[in-house]
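The structure appears right after this line, and notes come after that.
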Amino acid sequence: MKRVFIGFSFMLILSFALSEHIHAKGFGKDITVKVMSYNIHHAVGLDNELSLPSITNVIKETNADIIAIQEVDRYFGERSQFVDQARELAKLVGYHYTFGANLNLKPAPGQVENRQYGTAILSKYPIIDSKNIHLSSDGEQRGLLIGKVNVRGVHLTVFNTHLGLSHVERMGQVEEIIEISSYYNEPTVLMGDLNAEPKSKELERLQTGLNVVDTFKDVVEANTYPVLHPTKRIDYILTSSDVTYKNSNVHYSESSDHLPIVVDITLKR
């Protein structure tokens, strides 16, 4: 019995020492990351010039860790020089990425890759799982890109979407997003160009159905479109109730026809 007691005491001391070491290294503490939502307009700015480096500069200026981008080309055409934009942006900033094709068309003449257009997630942290789910659409095909990001041991589910142009279409897509999200239990952030303003029925239903918080609800100057003298707020970052946030900010840039938005979110361990 004496040996058992001594062994137990040693393990208890070792466990305590290890926990102190882990705490000293910063493990076990809450994690704050900066997230961004940005409709990049296939990297064509107000000067009507194509420039992926200008989008990269926006990411670097804001120090965003996880970015949801919309209107992304992949071998789509001459307007983006048949480039895989998500891959190139990820390479330029040194991030992981995942792309969701909502349009998947036959190759252009002289090309071998399908012409694709959709959304992407760029992340400083590993994206350990992803999928793109098409939403019911009356016009252009829309989708919900889902990425599970491993943020220093905490799994964050990132939803990225670009909703349709009509109220009826968006309401149907919102209901589908609510249904899809019910299968995810981790902390979540929903970002994207929702093509709807804050007091719309779509936003009201999305917030109540998902139990999410609009991180820009208290920001006075939060309009994102158009870039010059913006009159509408149609770009959003919505977080689940177990995620806290601060420093919500609209970042000025003429690299697209939308303004990017960024916010610091804190994940509980």
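Computed from heavy atoms alone, side chains included, the values below leave out hydrogens, waters and symmetry copies.
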Query raised in the report: Any donor-acceptor pair under 3.5 Å linking the side chain of His134 with the backbone of Ala101?
Result: yes
Requested in this report: Specify the closest pair of heavy atoms between Val58 and Pro260, including all atoms of both residues, with the distance to one decimal.
Outcome: CG1-CG, 3.8 Å
**Report entry** Salt-bridge contact Asp214-Arg233 (side-chain N to carboxylate O under 4.0 Å)
**Finding:** yes
Report task. State plainly whether the residues Lys199 and Glu197 are in salt-bridge range, i.e. N to O under 4.0 Å. Result -> no
**Report entry** CA sep, side-chain torsions, deciding dist, call: Asp73, Phe82, side chain to side chain contact (heavy atoms under 4.5 Å, CB included)
**Finding:** CA-CA 8 Å; Asp73 282 359; Phe82 295 99; over 6 Å; no
Query raised in the report: Would you say Asn39's side chain and His41's backbone share a donor-acceptor pair under 3.5 angstrom?
Result: yes
Query raised in the report: Any side-chain heavy atom of Leu145 sitting closer than 4.5 Å to one from Thr161?
Result: no
Requested in this report: For Thr98 and Ser130, work out which heavy atoms get closest and say how close.
Outcome: OG1-OG, 2.9 Å
**Report entry** Non-hydrogen side-chain atoms of Ser123 and Tyr97 separated by less than 4.5 Å
**Finding:** no
Query raised in the report: Can Ile40 and Leu89 be said to form a side chain to side chain contact (heavy atoms under 4.5 Å, CB included), step by step?
Result: CA-CA 11 Å; Ile40 67 169; Leu89 282 171; 4.2 Å; yes
Query raised in the report: Less than 4.0 Å between a side-chain N and a carboxylate O, is that true for Arg74 and Asp84?
Result: yes
**Report entry** Backbone of Leu135 reached by a side-chain donor or acceptor of Arg142 within 3.5 Å
**Finding:** no
Query raised in the report: Under the salt bridge (Lys or Arg N to Asp or Glu O under 4.0 Å) test, which residues partner Lys91, sequence neighbours left out?
Result: Glu88
Requested in this report: Check the pair Lys246 / Asp264 against salt bridge (charged side-chain N to carboxylate O under 4.0 Å, His left out), numbers first and verdict last.
Outcome: CA-CA 5 Å; Lys246 61 181 179 180; Asp264 295 324; 5.8 Å; no
Query raised in the report: Is Asn104 atom CG crowded by more than 12 heavy atoms from other residues, nucleotides or ligands, each under 6.0 Å away?
Result: yes
Query raised in the report: Does some side-chain heavy atom of Leu203 sit less than 4.5 Å from a side-chain heavy atom of Tyr236?
Result: yes
Requested in this report: Give a yes or no on whether Gln81 atom CD has more than 12 heavy-atom contacts from other residues, nucleotides or ligands under 6.0 Å away.
Outcome: no
Requested in this report: Give a yes or no on whether the backbone of Ile69 and the side-chain of Thr119 come within a donor-acceptor separation of less than 3.5 Å.
Outcome: no
Query raised in the report: Is the distance between the ring centroids of Tyr184 and Phe159 under 6.0 Å?
Result: yes
Requested in this report: Walk me through it: do Asp242 and Lys268 pass the test salt bridge (charged side-chain N to carboxylate O under 4.0 Å, His left out)?
Outcome: CA-CA 8 Å; Asp242 53 351; Lys268 301 290 184 182; over 6 Å; no
Query - Geometric cation-pi criterion Arg115 and Phe76, 6.0 Å radius, 45° cone - result: yes
